[in-house]
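Take a look at the structure below.
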Amino acid sequence: MKTYDFNQIDRKWQKYWAENQTFKAENNSDKPKYYVLDMFPYPSGAGLHVGHPLGYIASDIYARYKRHKGYNVLHPMGYDSFGLPAEQYAIQTGQHPAVTTEQNIKRYREQMDKIGFSFDWSREIRTSDPKYYKWTQWIFLQLFNSYYDKDKNQARPVSELIKVFETEGNINVHAASDKDTPVFSAAEWQNFSPQKKDEILHKYRITYLADAEVNWCPALGTVLANDEVVNGVSERGGHPVVRKKMRQWMMRITAYAERLLQDLDKLDWPESLKEMQRNWIGKSVGASIWFDIDGTDKKFEVFTTRADTLFGATFMVMAPEHELVDKITTDEYRDQVKAYQEKAARKSERERMTDSKEKTGQFTGAYAINPVNNAKIPIWISDYVLAGYGTGAIMAVPAGDQRDYEFAKQFDIPIINIFEGNDISEKANENKDAVLINSDFLNGLPAKEAIPKMIKKLEETGVGKAEINYRLRDAVFSRQRYWGEPFPIYYKNGMATAIPEKHLPVELPEVEKYLPTEDGQPPLGNAKIWAWDEANEKIVSTDLIDNETVFPMELNTMPGWAGSSWYFNRYMDPHNDQAPFGKEAIEYWRKVDLYLGGSEHATGHLLYSRFWQKFLFDTGYVPEPEYSVKLINQGMILGNSAFVYRINGTNKFVSYELKNDYDTTPIHVDVNMVDDYDYLDTEKFKAWRPDFADADFILKDGKYKVGREVEKMSKSKYNVVNPDDIVEQYGADTLRMYEMFLGPIEIAKPWNTAGLKGVHNFLRKFWTLFHQDGIFDVSLEEPTEQELKILHKTIKKVTEDIENFSFNTAVSQFMIAVNELQKLKTNKRKILSPLVVLLSPFAPHLAEELWDELGHEGQSISFEPYPQYEERYLKESTKIYPVMFNGKMRHKLDLPANMGKDEIEQTVLADEKVKSLLEGKQLIKVIVVPGKIVNLVVK
RNA sequence: GCCUCGGUGGCGGAAUUGGUAGACGCGCUGGAUUCAAAAUCCAGUUCUGGCAACAGAGUGUGGGUUCGAUUCCCACCCGAGGUACCA
């Protein structure tokens, strides 16, 4: 080989690794285990862009490094292959989502293979594969058959709960359940109808059916997420959206709120990510207080974190949807209350959040009685109180809460000042150190002391108790979609009933259309073979539903996060068809040692998967309550968009420097038509789109310069850079090292190709160290002390950098080493050979090639031990000490490196130059930092 | 508003527990090589002044602790991400 032929080297070694299954991990080994995981991708039609592999490269470097270090490394990859884009494509074209998905996966795989990852492809999984979702359905059934026992603090079988109901009712049951769960005795339970029993059990199940309020779009026939609704209409199509209660599958994640919060402290995750989860869970400690309603036998509960301010409560506010509103409203106010409720119902949740500037509300005519002083307090409704948080009602203390203050001002409600030295003419006092007044037995106390005192009083008189509230809500688990896991559920006499486990997987049925049915049913309503024959235990035609033993199947499918909430465990034993994973496999691998992925999953995947893991831990299926103790976020790689400037109303385009002289509109232009100096290839531009074919240009110095802007990389912005092109032009190793060199992995950064050449040069120089005039030429001579120093310094620094995931500085270190060795014209085997191993996690193709040339045919470098540095080569014989006076450098001194602190001090003070500098000054003290500095403090 | 993270040359970015700020790369300048260019190699490159030695300033701003601060403390400004009538 005459030159560094990276394309040939890439192909050769990628083939070799595939054929030899070099990176296949075994489930038993004498070596210690290490599990490196990337968040698996959704295979979209657009293919990979240069941003996707960033995390995969980092994890691959670490995985390869750990293999060198003697670990049995599990480094798998797969696809989160259920999802919306494939379904939408199916709606447009009639192409089955499975076909599209298969094509996309093939493309992803080809692209990933070109980068030379050390994935164990024998363990590949796909969430849309029935062999995989069989076990997603299985886990769903375990959740369905469990409830959360608050005494034992773990999930328990529903069958045990039923036994308790049969013997003592639910009076002593302390379990996570819906708020409206009735209290009943054993005798009552026995007399309930099967439907009633079923309904009650749903209030306890960890996955359960409930009427949840959703954004329903009648025109689209589907439920939309909050961010798909803009100004009360759907983001796509602009159809009206209404709030509607629908029967949905829910996940009782709230049962795990406290454990999800507590265990965050055990995790070595980025602080920002943990903080996001903490906020999302939103724990607040306070009290609930019962208020009687004047002149009735009704009462209602409020939650507050400031029980101490009860004497300052001058009105009560209920959410417009509060169930008591209709019952307590007096005739006088009925019409106005009704009108307000209707107005509030029309607003989407998002609107209610945004129009928060001005408070609106309506008095109900009813009054509550303050339990501590029997004061009559008017009850209002307002949408600033949310039905879904706490009890949906609050006690309003305008002196101590800014929102209550604004409301009181708006409606001229009196404000009682309850804080000493407080000015209530402008705003409320939210300072917790303020001392209470006008508060009877709490006068003179700050919140910290007053809160427990008040709660004690409330508990004694039986009108309140200490309480903890969480912002976290139970998660909606149904989707009105086709391309997702079907539920293994059928409806017998209206009761959701599990299909026996032995019949899993319940495979997704074929449908003619992927749209909702005409009567508003989800797409599975179009399926012909979608009914459960209980007698014969199989899925049959829906035509047979009138038959006594044939029942309709669930028409919803599971959401995208179902399959991704446990996939990390499946990799441990991906082909098991008896269990989601074998006991032996999970006991061996236990958990992910290093997890890499984006922070956008903080309150989605990363929370749901922790929840499922804890459930599986409770039920004894997994040995760890947290599946990933160490997590690193990789930052996004942003696109560097290019713009041309069209003069309005013409087909003329003006160069960036001149654009301010005209009235122009910027237009995205494909970055692949722009060179490194931001000049546009005008011919390519004309050929790009028909409407630009006759474009005119106003040039500057004969060239057209584009404008630049950093944005998210996306097809629609024409700023996507395909990794294949970089690999083609510079080789996989250059791409790998360059992406690492770009900056720390956690940071978001724009893609620019400016530095590619530098990294590529490094690899060429490295190759050149082994070759004279293109011919392999490595000497067996003993290395010099200087060469050994370079080697060992590099080993030390690079190893430390890898351990700290500081891959950008590791790459720099390699560059330094190569520059130094190039200057010495080193071609000694004893230096170069360890460097090859050291480099191999970063540039595996080149490393394997050189390793082969060094004479290790047939032995993959991948399992060679990583070189270790030796301290003795790092010691320097002399060290230059800066001699500083009052922190300013005045002199440099060459001293032996191994000199002790006192010795350095004496030698420095004896130095002639130092003596002359000290002349006429008073020496106060001498600071010696061995190996670093000598600082003389003088006056 | 609140929470988290950050602010260092023309650019991306380095700097162990406070100890010579600007590693490495890009770009730029000069030189070598070449008929010429590309490529490669060598030297220089924080700013200001100076031919230079050198001097002064310098890590968002202002203050503080210290012999010494990019690093620690206080206040503020700016940016990114998250979150929001959460009672």
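Residue numbering restarts at 1 for every chain, and letters A, B, ... go by the order of the sequence lines.
Here the separation of B:C3 from B:A75, taken at their P atoms, is 12 Å to the nearest Å. Taking atom P on both nucleotides, B:C47 is separated from B:G9 by 11 Å, rounded to a whole Å. Rounded to a whole angstrom, the distance from the C1' atom of B:C28 to that of B:C76 is 37 Å. Nucleotides B:A21 and B:U16 have their C1' atoms positioned 15 Å apart, rounded to a whole Å. Distance check on atom C1': B:C72 versus B:G18 gives 8 Å, rounded to whole Å. A gap of 15 Å separates the P atoms of B:U61 and B:C77, to the nearest Å. One C1' atom belongs to B:G25, the other to B:U45, and the distance between them is 14 Å to the nearest Å. Separating the P atom of B:C11 from that of B:G60 is a span of 14 Å, rounded to the nearest Å.
Side-chain proximity of A:Phe303 to B:U20, B:C86, B:A87: nearest is B:A87.
Projected onto RNA chain B by closest heavy-atom contact, A:Leu756 and A:Glu275 fall at different nucleotides, the more 5' of which corresponds to A:Glu275. Nearest-nucleotide assignment on RNA chain B puts the 5′-proximal partner with A:Asn279, out of A:Tyr389 and A:Asn279.
Across all strands, A:Asp404 comes closer than 4.0 Å to no nucleic acid atom at all (heavy-atom distances). Among the atoms of the strands shown, none is found under 4.0 Å from any heavy atom of A:Asn752. Within the 4.0 angstrom heavy-atom criterion, only backbone atoms of the sugar-phosphate kind lie near A:Asn761; the bases stay farther away. Across all strands, A:Asp401 comes closer than 4.0 Å to no nucleic acid atom at all (heavy-atom distances). Base engagement by A:Ser812 is indicated by at least one non-hydrogen atom pair under 4.0 Å involving a base atom. Within 4.0 Å of A:Pro270, counting heavy atoms only, lies no atom of the nucleic acid at all. Residue-level contact check: A:Ile927 touches the bases, meaning some heavy atom is under 4.0 Å from a base atom. Heavy atoms of A:Ile933 sit under 4.0 angstrom from at least one base atom. Residue-level contact check: A:Lys765 touches the backbone only, with heavy atoms under 4.0 Å from sugar-phosphate atoms and none from bases.
Taking the O4'-C1'-N9-C4 or O4'-C1'-N1-C2 dihedral as appropriate, B:G63 has a value more than 90° from 0 and is therefore anti.
Judged by distance alone, the side chain of A:Asn370 and the main-chain N or O of A:Ala313 form no donor-acceptor pair under 3.5 Å.
Look at B:C26: its Watson-Crick or wobble partner, with both distances under 3.5 angstrom, is B:G10. Across all strands shown, B:G79 is found opposite B:C5 as a Watson-Crick or G-U wobble partner, with both distances under 3.5 Å. Checking B:G56 for Watson-Crick or G-U wobble geometry (two distances, each under 3.5 Å) identifies B:C47 as its partner. Base-pair partner of B:U70: not found among the strands shown (Watson-Crick or G-U wobble, both distances under 3.5 Å). Under the Watson-Crick and G-U wobble criteria, each requiring two contacts below 3.5 Å, nucleotide B:U34 is left unpaired.
Side chain to side chain, A:Asn819 and A:Lys765 meet the donor-acceptor criterion of an N or O pair below 3.5 Å.
For A:Phe741 and A:Phe807, the ring centers sit 6.0 Å or farther from each other.
The number of heavy-atom neighbours closer than 6.0 Å to CE of A:Met636, taken from other residues, nucleotides and ligands shown, is 12 or below.
Atom CZ in A:Arg306 sits about 21 Å away from atom P in B:C85, given to the nearest Å.
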Practice prompt. For the pair A:Tyr340 and A:Trp380, evaluate ring-ring contact (aromatic ring centres under 6.0 Å, His included) and give the outcome as yes or no after the intermediate values.
Written response: CA-CA 11 Å; A:Tyr340 187 83; A:Trp380 289 65; 9.6 Å; no

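Minimum heavy-atom separation, A:Ala843 to A:Met737: CB-SD, 4.2 Å.
Using cut-offs of 30° and 60° on the angle between ring planes, the pair A:His760 and A:Phe6 is perpendicular.
Within 3.5 Å, no donor on the side chain of A:Lys757 pairs with an acceptor on the base of B:C26, nor the reverse.
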